[in-house]
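Each remark here refers to the structure printed beneath this line.
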Amino acid sequence: DVQLQASGGGLVQAGGSLRLSCAASGFPLDEYAIGWFRQAPGKEREGVSCLSSSDGRAYYTNAVKGRFTISSDNAENTVYLQMNSLKPEDTAVYYCTADRRTQLSGTYYYTCSGTNYWGKGTQVTVSS
């Protein structure tokens, strides 16, 4: 069974750091795009970051560029989201997702669409 387990959330002051972990099991990490989404109270869910763990290519939403870093340890089947310089507007429940890569004309594409697998979220609260 595919399982995603996010952890590492907590309460931190503005300007602080947290590192979220997403432990994946039941599938090979390098065949999936691993993403982090977040949802704040009263707001729509948004994509934060996406990683193609096979080649390390990463995507970040503009709001977190330069502050967040996504990485993976394929041997441990774990993806991390290092969050620095946290702001109160980063407060949200953070979810990790896994979307199987697609193939077209011999090329693999990694897209974090959030349509395949979701883990339970972890709460991040940033106080001002």
Taking all non-hydrogen atoms of both residues, which atom of [X] and which atom of [Y] are closest, and how far apart?
{"X": "Q123", "Y": "T91", "result": "NE2-CG2, 4.0 Å"}
{"X": "S72", "Y": "N74", "result": "OG-OD1, 3.0 Å"}
{"X": "A6", "Y": "C96", "result": "CB-SG, 4.1 Å"}
{"X": "Q39", "Y": "K43", "result": "NE2-O, 3.2 Å"}
{"X": "L4", "Y": "C22", "result": "CD2-SG, 3.9 Å"}
{"X": "S49", "Y": "L81", "result": "CB-CD1, 4.1 Å"}

Do you reckon Y110 sits in the same ILVMFWY cluster as Y117, going by side-chain contacts under 4.5 Å, direct or chained?
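Different hydrophobic clusters.
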Do V79 and V2 belong together in a cluster built from hydrophobic side chains that touch within less than 4.5 Å?
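Both belong to a single hydrophobic cluster.
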Nearest 0.5 Å, please: how far is [atom2] in [Y] from [atom1] in [X]?
{"X": "R19", "Y": "M83", "atom1": "CZ", "atom2": "CE", "value": "11.5 Å"}
{"X": "T69", "Y": "L51", "atom1": "OG1", "atom2": "CG", "value": "11.0 Å"}
{"X": "N77", "Y": "L29", "atom1": "CG", "atom2": "CG", "value": "5.0 Å"}
{"X": "S71", "Y": "I34", "atom1": "OG", "atom2": "CD1", "value": "12.0 Å"}

Pair D99-T115, side-chain hydrogen bond (donor to acceptor under 3.5 Å, both in side chains): steps then yes or no
CA-CA 7 Å; D99 289 284; T115 56; 3.3 Å; yes
Can you spot which of L20, D73, I70 makes a side-chain contact (heavy atoms from CB on, under 4.5 Å) with Y80?
D73
Side-chain hydrophobic cluster, 4.5 Å single linkage: members besides L104:
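When side chains under 4.5 Å apart are linked, the cluster holding L104 also contains Y109.
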Sequence neighbours left out, what pairs pass ring-ring contact (aromatic ring centres under 6.0 Å, His included) with at least one residue falling in residues 25-74?
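Residue pairs passing ring-ring contact (aromatic ring centres under 6.0 Å, His included), neighbours aside: F27-Y32, F37-W118.
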Donor-acceptor contact below 3.5 Å, side chain T78 vs main chain E76
yes
Test item: R67 side-chain N/O and S85 main-chain N/O as donor-acceptor pair under 3.5 Å:
yes
Cut-off 3.5 Å, side chains only: do T97 and N116 have a donor facing an acceptor?
no
Verify the distance criterion only: is there a donor paired with an acceptor across the side chains of S7 and Q5 at less than 3.5 Å?
no
Does E89 CD have over 12 foreign heavy atoms under 6.0 Å away?
yes
Within a 6.0 Å radius of atom CD on Q13, are there more than 12 heavy atoms belonging to other residues, nucleotides or ligands?
no
Establish, yes or no, whether the cationic atom of R45 lies under 6.0 Å from the six-membered ring centre of Y95 and within 45° of the ring axis.
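Geometry flag: set, cation within 6.0 Å and 45°.
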